[in-house]
Structure formats: C-alpha cells, structure tokens
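In what follows, every chain begins at residue 1, and chains take the letters A, B, ... in the order their sequences are listed. Computed from a predicted model, the values in this text were never measured in an experiment.
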Amino acid sequence: MRVQIDGLNHTFQQRPPLRALDDIALDVESGEFVAMIGPSGCGKSTLLRLVAGLATPTQGMISLDDQPPQQIASEKRIAWMSQQVALLPWRTVRTNIALAQQINPQPKRRSRTVDDLLDLVGLREFEDAYPFTLSGGMQQRVALARTLALGADLWLMDEPFAALDQLTRDQLVVEVLEYWRKLHPTVLWVTHQIQEAVLLANRVLVMTPRPAHIYADVPVDLPYPRDDTSRDFQALVRQLRETIAAGMQFHHDAQNHIQNDGQIR
Amino acid sequence: MRVQIDGLNHTFQQRPPLRALDDIALDVESGEFVAMIGPSGCGKSTLLRLVAGLATPTQGMISLDDQPPQQIASEKRIAWMSQQVALLPWRTVRTNIALAQQINPQPKRRSRTVDDLLDLVGLREFEDAYPFTLSGGMQQRVALARTLALGADLWLMDEPFAALDQLTRDQLVVEVLEYWRKLHPTVLWVTHQIQEAVLLANRVLVMTPRPAHIYADVPVDLPYPRDDTSRDFQALVRQLRETIAAGMQFHHDAQNHIQNDGQIR
Amino acid sequence: QEDAPEEPAELTPFTFMAGYIPQANLPFVGVYVAKEMGYFEEEGLDVMIEHATGGGHLQLVTTGEVQVTTQDAAVLLQRVADPGLPLVSLALIGQRGQQAFAALADSGMETPADWAGHIVGYKGTPPPDLFALLDVFDLTEDDIELVDVGYDPRILTEGRVDVYPLFRSNEPDTIASWGYDITLWDAADYGVPTLGLTYVTSQQTLAEQPEALTGFLRAALRGIEYATENPDEAIEITLTYAGPEADPDHQRFMLESELQDAQSDFTEAYGVGWQTLEQWQSLADMLATYDITVPEDVESVFTTDMLAAIYDVDVDALEAEATATEESE
Amino acid sequence: MTLKITSKMTVKFDNNLLVTIALIVGLLALWEGIVTLQQIPVYIVPAPSRVLTTLFNNLGYFADALLVTVSEALIGLFIGTSVGVLLASLLSLRPNLERGIMTLAVFVKSTPLVAIAPLLTIWLGFGMAPKIILTALLTFFPVLVNVFSGLSRADVALLDTLRSWHASRWEIFWHVRMPGALPYLFAALKISGPLSLIGAVVAEWTGASQGIGKAMWLAYSNLNMPYLFAAIFILAFVGQFVYSITLWLERRFVFWQPVAEA
Amino acid sequence: MTLKITSKMTVKFDNNLLVTIALIVGLLALWEGIVTLQQIPVYIVPAPSRVLTTLFNNLGYFADALLVTVSEALIGLFIGTSVGVLLASLLSLRPNLERGIMTLAVFVKSTPLVAIAPLLTIWLGFGMAPKIILTALLTFFPVLVNVFSGLSRADVALLDTLRSWHASRWEIFWHVRMPGALPYLFAALKISGPLSLIGAVVAEWTGASQGIGKAMWLAYSNLNMPYLFAAIFILAFVGQFVYSITLWLERRFVFWQPVAEA
Ligand SMILES: Nc1ncnc2c1ncn2[C@@H]1O[C@H](COP(=O)(O)OP(=O)(O)OP(=O)(O)O)[C@@H](O)[C@H]1O
Ligand SMILES: Nc1ncnc2c1ncn2[C@@H]1O[C@H](COP(=O)(O)OP(=O)(O)OP(=O)(O)O)[C@@H](O)[C@H]1O
Ligand SMILES: Cc1ncc(C[n+]2csc(CCO)c2C)c(N)n1
Ligand SMILES: [Mg+2]
Ligand SMILES: [Mg+2]
C-alpha cells in the first residue's frame, strides 16, 4: 500500500496550542519498510495515529493508495500497534489474539493461525494466561502477535520492541522480516533503536524534536538478512547516529530563531 | 544500603504454579550500581517487587542493611520505579513529582527541588500538563523524576529508559550518574540495553530465562564517565552479549533436563 | 361564659391530630372552627392541628405526642382489645357508621341479594358490616368474590369491581360529580348497629390532663355547633386547611352529610357527641358476632365525664334511671 | 498473588460471617434490653423475642407471602435490570439518543411511583402485574445510570485498538465497553437488589392482594407491630441474601482486576 | 483532540437541548391528543393543557410547597451522600469493618422506611427532621455502594506506587482511591438526586405538614388529578435540574479521562 503524506501539520488545541507535527511530507512505496526515529515527544505516535485514521490532522493530506485513511481503515487493511500494550484484560493471551482475527477476518493466504503466532512470540505456554499475570515484555509480545494476526497491508508499529531484551528482539526481527517478505505490506516502524531500524528497514526517517519534521530520509540498501556485525551495517549505524545528532542541533537552532521571532513553540 | 539476598525463590500460586525466581543469591555493597539484564518474562520485575517489599517471597531471605524490606520501606528509604508508568492521571507533571516528595519527605541535602527535576528530565515546559497529554517517553521521564525526587538510599529501577530515544537516554545517563555519585545510593537497574548497563553499572547481573537465576555477575571496572566508543567498553559489551547467549543456552539445556525429569516448569 | 385568659403565655400546648387528610369530616371541622374562632384560647389551650395520612396517629396518642385524635368507633374497640391500646373515646360525633357499599346504578343491582356472583371490594380486611349485610340476605362469603381494593373509587367506575366500599359522606358525591348514578347500601339501614367517628385520647392523658381535655372538647363541640348554624363559614374555614385541591361543593356535601349523622335521640336529649353504654355495647356485640375481639369491659372504652361536665348532665341520675329501666324490664 | 488472596478470602469470609452474626445478635440483645428495661409497649416497638416468636409461629403465613413478594421483586428486578442494561447499551451504541432517553428516564425516576400506582391497578388489575411493573420502574434507573457510566468510561487505549481494526460499534461495545462496565453493573445490582424488595412491598401496600407488603399493611393498619416487624425481619434477611448473591456473582464475573491488598 | 471534543460538545449541547425540548413537547402533544380523542375523563388522566393551567394558576402555592420539599430533599441528599461517602471511606480505610457495616446498611436499605415513619415522628416530631432523615436513609445507600466499589477498584499500578513510598492508608486513600472513585460517586449522585426528591415526597406523604408531598397526597385523596399531575410535572422538572447539575459537576471534576469518540 502506498502512503502519501503532504503538508501535514497537527496541533493539539489546548492552551497554549501544542504543535506536534510540522509540515510532514512523505511518500512510501507499497511494500516499503520505513523506520522512524525521533526524540521522545517529537510526534511519532501522533503521526501514526493520523495515518491509522484514529485522529484527523489539523492540516494537510494523507492518502493510502489514493484513499483517505478512514476509507482504508474501513476496508480493514491497517494494523496499528499502539505504544501502550492495550490488551483486553478479560481475555486470555489466545483469545486476545483470536479476537483481532475475528473482528478483522483476512483471506486465508494472509492470515496466520493463532497457534502459529503464539509460537512466533514464544508464548505458547501462556496461551491461557490473563494479561495481568504476564510480564511487561510478554504483554508486548502478545500485542505484537495480535497486530500480526491482522495480516494487513499497512503496518503502523509504535515501538513494538521497546520492552524486549536483545535476544528476543533479534529473534523477532527475523520473524517479522520473514512475514513482511511474505505479505509485502507497507510498514511504518517507530523505534528508538538505531540498530533495530537498520536491521529492518528500507528507509530510516530521522525526525526533529517537536514539532516533528522529517530531517533526513536515509535509505538502507543492505541485503536481507542483515548482519549487524558487518562493516556496512556499522557504518550506517554510525552515520545515522550523527544524522540524529545533527537533526537535534538543527532543530535547536531553528527553535532559537523562531523564539527570537516571538512565535509559538 | 547493603542488599543481601539468599536462597530466594518465588512461585506464583496459580494453576499450574509458576516459578518465577530460582534460588537467587546476591550481595550488593552499599552504594553499588548493579544492572540486571535478562530475557523477557524471566522474573526481573518480580525480584524488584520483592526487594521493594511489595510482595512476600515464597522462600528465602532478603535483607536491606540487615533489616527486612518492609522495615526499610517503612523508613521510606526505598525508591521503586515500576515498569509501567504509573502517574496519577488527576495530577499535573509538577504535582505528580511533588507528591512523591510530600509523602516521602527527605532531609534537605538529599532532595532536589521539583524545578530541578523538571529540568533534569527536560519537561519544564510541560509542568502543568496532565499525563494523558504526554507522549510515552515523556510520561516515563516524569516517572523517573518522581522516583529521583524521593532521594532514597536504594533505587529499584525497572527499565526506566525503555521508552526513550538514544540521545535523551544518553543525557539522562549522565544526570543519573551524577546524582548517584552525589547520594551514593545502592541501585538495582533493570534494562534490556547492554550499552546502557555498561555505561551505568559497577556490576551487571545476567539472568537466565524463567525461573530467573543469576547466571553471571560481571564486574564493570571502567572509570566514570565512560566512553561507549572506547575499546574496553566495546569489549565488555561484546563479552556480555556472549554471556547472555550462553545463559540462554545453559538454561535451555537445564530445562530440557528438568522436563525429562517430569518436574514443573 | 368565662373570661378569656389575659396573657397568652399561659396557654397550654395541645396537639390534635385529625385521623385523615384535612377535609370536612365533622370532628375535624369542629376543631378547625374552634381554632379559627378562638374557642381554644378561651379554654386556655394552644392547639396545634396535625393530620395523619398513615395509621400512626393512635400510636402517637398513646405516647403522648398527640393528646386527641379521631377514630372510627368500631376500629377503636378493636384496637383497645388488640393490641391493647389504652384509648378512651371522649365523644361520639358520628352517631351512625360512615361505611356503605355502592354499585353503579346501571349494574341493575337493587339489594345485596343481587351481589351474588359479583366482585365485592374491601379495604384491607373485610369489615363486619359486610358480613352483617350478607347475613341479612342469607348470603355467605362464598357467594361473592372478595377483592382487596385501595381507597380509589375509580376502581368502581372503571369496572374493576362491582361493589365498592365507601364512606357515605365522601365518595358518593365524587362519583356523582363524574356523572355516574350509584346504588348505596348501608348496614345501618338493615338494623345493623354501627357508629361513626369519635374524639379519642389516651388513659394517661385522661388521668393527667382532664381539664385540658374538657376545655378542648368544649371548644370543639362549640365549633360543631357553630358549623351547624353557619355551614358556609365553617366550609370556608375548612378550606383554609383543605387546600386548593379540595372542591368546596364536595366539602359542603361532606359536612352536611356528617351533620345529619351526628344527630340521634341521644344527642337530642343530651347534646352533640353524647355516647351511651348501650350504643357501644351493641356495636361490640355485633363485632363479636363476626369473631372480632372486643374489650371485655366496653365501659372502659369511653367516658361521659367530660360531656357531662360540658352539658351539665347529672350522670349519677342517669345511671339510676338506667338501672331503674333495666329492673322494670 | 491471586491465589494467596483467595486463600485469605476464605479465612476472611469465616471471620466475616462470625462478625455478622455477632453483630446481629448483639443488636437484637441491645434492642431486647431497651424494650424490656424501658417497658416500651408492644404497640410502639415490640421486643425482638416477641417478633421472632410471631415469625416462627406464623412461618407458613409469612412464607406464602414472601413467595409472592420475592417473585414480584425478582421478576421486576430482572425486567428492570434488563431494561436498564438495554437502554444503557442503546445509549452507548447511539450516543445521540442520550439526551432524549436520559431525560425520559429522569422524568420517570423523579415521579413518586406511588402516585401512579392506582392507575396501574386500574389498567392492569389486582394481580402481580402492576407490582412487577412498579418494581421494574424502580430498579431500572440505578442500572441504567451505572452501566451507562461504565460504558462511557471504557479504557481509551482499548477503544483505540478496536477502532484501529475498524470494529463495528457493536463489537466495540461487546468486547470492550460491556466487560469494562461490569463492575458498574454489579454495583448497580447491589443497589437495585434491596430496592426491588422495597418496590414490590410498597406496590403491594397500595391496593394489594397478597404478599409481604399486604401483610405489612394489614399489620400496620391493625397496629400489630410484632407482625409488622416480623415482616421487616424477613425483608432484611432476604435483602442480605440478595446482596450476598450479587457479591458472589461479582467475584465470579469480574476476575481480571487483581484486588490490591492495602 | 481534547479541544475539538469541547467544541463539538457545545454543538452537541445545543442539539441536545433542542432534542429534549422537542421530545417533551412531542410527548405532551401526544398525550393531549390521546386524552382529547379518547375522551379520557380528567379524573383518570388529565390533559397536559389542564395540568399546566392548574400549575400556572397556583404557582405561588406550588412554589411554597416546592421550597419545603426541595429543602428537605437537598439537606437529606447532602446528609445521605456525606454518610455514604464517609462510610465507604471508612470501609476502605478499615476493610475489616466491611462485612459489619454493609450488613447493617443492607438491613436499613431492605426495610421499607414508610413502615416505621410513625416511629420517626415519635422521636423527631412533626417538622422537617423526619423527612430529612428518611431522605438521607434512602439516598446514602447508592452512594455507599458505588463509592465503595470505586474505592475498591483503584488502579493497582498506582496503589503499588504509593505502597512503595510507604504512604499511609490515608494518603493512599486520598491521593489514589478517592480521585479514582469520583466517576462512581457521580454515578451515585445521578441515582440519588432524583431519589432524594422521591424520598422527601414520600416522607411528606406519611404524616406531613407541608410540601409537594402533602400537596400530592391531598390532590390524590381528593382525586384532583390536575393538581396531582402538576406536582408530578414539577418534580420531573426539578429532577431534570438536579440531574443536569450533577452532569455539570462531573464534567468539571472528572477531567482527566479523555472521552473517546466512538
Ligand atoms: N501477578 C502475577 N501472577 C502470576 N504470574 C505472574 C504475575 N506477575 C508475573 N508473573 C509471571 O512471572 C514471570 C516473571 O515476570 P516478571 O514480570 O518478573 O518478568 P520480567 O523479567 O520483568 O520480564 P519483562 O522483561 O518482560 O518485564 C512471568 O512468567 C510472568 O508471567
Ligand atoms: N492527546 C493529546 N493532547 C495534547 N497533547 C498531546 C496529546 N497527545 C500527544 N500530545 C503531545 O504531542 C507531542 C507528541 O506526542 P507523541 O506521543 O506523538 O510523541 P512521540 O514522538 O510518540 O514520543 P515518544 O517517543 O515519547 O512516544 C507531545 O508533546 C505530547 O505532549
Ligand atoms: C377516601 C377516604 N379514605 C378514607 C376515609 C376514612 N376516614 C375519614 S376520617 C377518618 C379518620 C378516623 O379518625 C377516616 C379513617 C375517608 N373518609 N375517605
Ligand atoms: Mg510515542
Ligand atoms: Mg519486567
């Protein structure tokens, strides 16, 4: 699914108004895997919510396969994984995952069975456990399984691995990539881990601090599966680290400039 | 504050019973900074809760300065930061932090002012915001500030940086270390980031998968402030990564062994 | 008469609780008028008027919260017998019972004999006059269908019951005002002894405040006398209590009906409210016929001491006379 | 943690039962003492011993009456609860109806039903129907208000998740809102349970034919206080019973919220 | 999101007011139509026009009565709510009292209070006091049950945080449980508000001296339906008013829960 965003601004209408997104423009080809990295509170989650059609932008255009997000959402082609694990507390691990498929039934070829997904996230043993008896990372893995269960054309993933250890993360990277290469959905993947971004994505977007603006759009032209010990990989990680730092600096200067002009934050 | 743990086991009494901690033994000198790394769901949070006196272990001994945890807790010398950000939704950022100090007043020399803490976590601008208007990372920073506000002798930190980007994390590492060197509390710091552990800790504990057992206790003898690009640092990171992998493997073998013996998981 | 006391500070506080809502029941009217006309003050009383919408007024009299209330004579007999309320009737205003049974005129029923096979209502417990009427016409309980109905005559006009129990001074006029003709049956018309409303006090109040009671009764009877002579004014006074909800014409009907019932040979002879053992005893006997517990000693249920003082009647002479008649028979 | 609490619960429960019994016995003893010492006449407040004697001597009478009243109360409660839950659900599924329906509900609820009870008798006769309707009218409101509150306060994160799946209103309602509103529903049932008894009793009070309400009305108009209080004892006991059942159901159905210790 | 909702709210509010008015007018028109067409006699159900005429012709009379009743209702509601909140708080702070106090509360609540109205008069006299007490007894229970439910269901993560600070029971209560229970409190107030009016009216009904309840009782006994319904109209209106105030207070005090759209 192609994702096109242009002139997107979003301001939370509180006192004083809070500008979260600043003139975002983005064109993602169908089947691309785009990672987004940006400082805490810059507006990444806000952007994903807008793309998911969960909120309406203050200004600007979002189109998914030339349709508005609400349209695509109504066709049940979007999978959004929120930053907080939002599991239904009254459902077991298994029935939480099953519910996603039940509400959002997918053609056979796309969907994975619940058993399959339980194995994928390593929680087969806990299929009958209720969320409140799970650890933070286990809960997040259930949420991940639930999102993958949708077999959607567009995956909007908000820090899906934040609560996971490195090894589990590495395993899941493999699984996610495999599934992605099978379905070829478009992915927007928010993460704070540069390594993770470079392991997964075709492109890494570097965002400035709030209001989020796309500071850099770094292509990752490494073949899959990627080796994070390889020289190219390391180089890219280092480059990204610098880009991120530069983005912060740029933003900082711009902010000072704006502040001197007396404009709103 | 000295932390001594011996023969600690913890089993959740459900059907079937779930063994979370397996014979944990640990001796932490007063003022030590101990990082804990372990796979998702192994029992790290459970261990911290037990040390915080929030639950009673099934078996074994925990003593803090030769006292039971409940005693030390009642002297208000423990600061525990939970894995979920548990901010009071009806309080602003500022009053959330202030409440910790109000309920847990500290002698002057230990406490930092709320303003100071707001600056530390970079949320001065948001002091009057309510939690539900904050991003995930911002909420976590408020929780961090609130925990530091206690000026306690023992810090039990459950993945305090999980929702933060690398730069913010790096900044906060500096701040936390500075404050730690000023107060010299004992710290148990759960993280999934090896780099983070090595940047901060005197010792890194590597835990096995559930039931958590301390597989390795790796001293970090690098001088502060640490340079994560240095050769020694990198070497240690690599060593730890291997240790962690070995821990997994060891556990896996042991599990198979146990399973063949037909014992409970 | 006597001089009114100069200082109002000396007035004795006194509570009268009417046994129902404010309306032109004669014992109520007597008190309304007496209060309005200052008769109570003349007796040295500061009377507070309350109304009992529930059934708690008898309890309040026994505990002394209320000095005087009103009560149907038959009910009074029953309560004194069980649960043994220490109550005394000071005066019998209704010389004849208020209860009657009604059917819509176009039902075609003419005598209680026609009730057979019809639905007959009662309020709470089927009353003795009902059985008395049935007896007169050789019917039994089994010939009719008894249902418990509330105090709502619409039950009759809407056809939920065929025969409806009511108060002669009250519902007949209401039903008539809705455009229905009714046929009324009153047990008294068939020789059944019935009595109406009394002023009631407790034994204790009687023992402790005889003067106040006498004063109260004298004033109230004066009020009734006034109402007899000036019904228009009495209704006007009553209406200030009855509220705008009450219909003046209806109140007038009620007053007139009850004024009539307040007359009997005894009241002719001695004055309004007079009561005799003979009256009470025949009522008690009738109740006893229908397995209703009544006091052994009917004489203790009423007193003529106050009435005698007010009307200047020589009770001893009366008793002598009564004994003489008894002996001559 | 969970099971520990459960085992504690058993202990707590036994203790609690003892406490309850001790409390009741204590209160009755106190009452008996006061009535005896102060020589309060039976037609004002009867001694509990007298009340209990009356109760046991007329067990059949009261049992028959109770059966009628409890039937009316439970049927009324069932209808009231159903209507309350259905209305709350309707409001949750069609929020634009909120104002209208709540207005009507508050109207109904602000009307002292005793005032229209006679109309019900006129329309529906002397049987159980008008009592059931009155009970239902009395009990639907707490359920409506509480359940609607619960449905409205569903977890926003869960709502967002289901919205992201483009779940239908109904699915969101069924999978998120309703389970989340269960604690509110059970609170409402704890309120409505005793209310349903009162409802049936008061309905019988006005133009009744049978039941505890009629027994009370008769006892009251005959100033037969031992009977009146015997009926009150029965109601109090049944009220406890209904309440306990609700508690038990709540524990079974709202299982996912760990009950904290402090 | 927040402000957008607020701006929508204004629109919604106006729409809602219109809907309400339309609804009321529509219902009254329907009622008027039925009464006129079916020639229902005024002593069964009066036409709304007749009721409103009566209402406006006796505005002073009803206003005086209303003042008394509303005073009783509000004082009773205040006492009932306070007692309910205090008891719920007590139970939350001293959980071992739960069984005892809830048992007593259910006892009180299962007793039709009308049955003991004369006792209240014996103890408290003929004034407003017994009516206020009856109202308080009627309204405390929903508050107790709901607030206690709310206090018990506090967020476990927040409780743990305060426990880790070794906050006192009281601090936990005040900073975590109570704010968390506010939604339950407001639901309870929405239930108790109309209930307090009924309470005062029914209390006046039995041995009253003044107020709307007395007016209704008189109207009913005189089978003066226009007056009876005029009183009912007034109560319905006041009920709406009390309900709206509660809604408004709720919006002000429970501000931290973003109200979701779907
Ligand atoms: N309240 C509970 N009831 C039952 N089991 C529990 C409970 N809390 C935790 N567990 C179980 O105990 C084990 C350890 O959980 P814990 O939260 O300590 O893991 P963790 O090491 O913190 O994991 P993570 O890194 O994912 O947060 C898990 O298997 C979890 O399912
Ligand atoms: N509902 C809301 N009301 C008001 N402000 C909001 C709301 N949601 C987010 N914001 C603000 O918008 C900005 C961006 O928030 P967002 O959650 O998009 O950040 P983020 O990039 O996802 O950060 P993080 O990495 O910490 O999750 C923040 O300043 C936040 O305070
Ligand atoms: C509709 C109606 N209901 C009851 C009565 C009965 N009543 C009138 S006065 C009174 C008081 C006795 O002290 C009683 C019981 C009535 N007349 N009309
Ligand atoms: Mg975010
Ligand atoms: Mg954890």
Inset, instruction - Check whether B/Ala79 gets within reach of chain E through its side chain, its backbone, both or neither, counting any heavy atom under 4.5 Å. - result: neither
Legend entry - Which atoms of B/Ala73 approach chain E - backbone, side chain, both or neither, heavy atom under 4.5 Å: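 For B/Ala73, backbone and side chain are both near chain E.
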Legend entry - Pairwise side-chain contact, E/His175 with B/Arg91, heavy-atom cut-off 4.5 Å (strictly under): yes
Legend entry - Under 4.5 Å from any heavy atom of chain B - which part of E/Leu162: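 The side chain, not the backbone.
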Legend entry - Portion of E/Val254 that has a non-hydrogen atom of chain B nearer than 4.5 angstrom: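 Neither part.
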Smallest separation among heavy atoms of [X] and [Y], with atom names:
X	Y	answer
B/Pro89	E/Leu158	CD-CD1, 3.9 Å
B/Leu54	E/Arg163	O-NH2, 3.1 Å
B/Phe132	E/Trp256	CD2-O, 3.4 Å
B/Lys76	E/Glu171	NZ-OE1, 4.4 Å

Inset, instruction - Take atom CZ of B/Arg124 as the centre, draw a 6.0 Å sphere, and report whether it contains more than 12 heavy atoms from other residues, nucleotides or ligands. - result: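 Atom CZ in B/Arg124 is crowded, with more than 12 foreign heavy atoms closer than 6.0 Å.
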Can you measure from [atom1] ([X]) to [atom2] ([Y]) and round to the nearest 0.5 angstrom?
X	Y	atom1	atom2	result
B/Tyr130	E/Phe255	OH	CZ	3.5 Å
E/Ser164	B/Asn104	OG	CG	8.0 Å
E/Ile172	B/Ile103	CD1	CD1	8.0 Å

Inset, instruction - Go through the steps to decide whether E/Trp165 and B/Trp80 satisfy the test side-chain contact (heavy atoms from CB on, under 4.5 Å), and finish with yes or no. - result: CA-CA 8 Å; E/Trp165 301 343; B/Trp80 171 73; over 6 Å; no
Inset, instruction - Heavy atoms only, distances under 4.5 angstrom: which of B/Leu87, B/Val85, B/Leu156, B/Ile78 has the most pairs with chain E? Name it, please. - result: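 With the most close heavy-atom pairs to chain E, the winner is B/Leu87.
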Inset, instruction - Considering only heavy atoms and a distance below 4.5 Å, find which of B/Arg146, B/Met81, B/Gln84, B/Gln83 pairs most often with chain E. - result: B/Arg146
Legend entry - Pairs of heavy atoms under 4.5 Å with chain B: top-ranked of E/Ser168, E/Gly180, E/Pro179, E/Ala157: E/Pro179
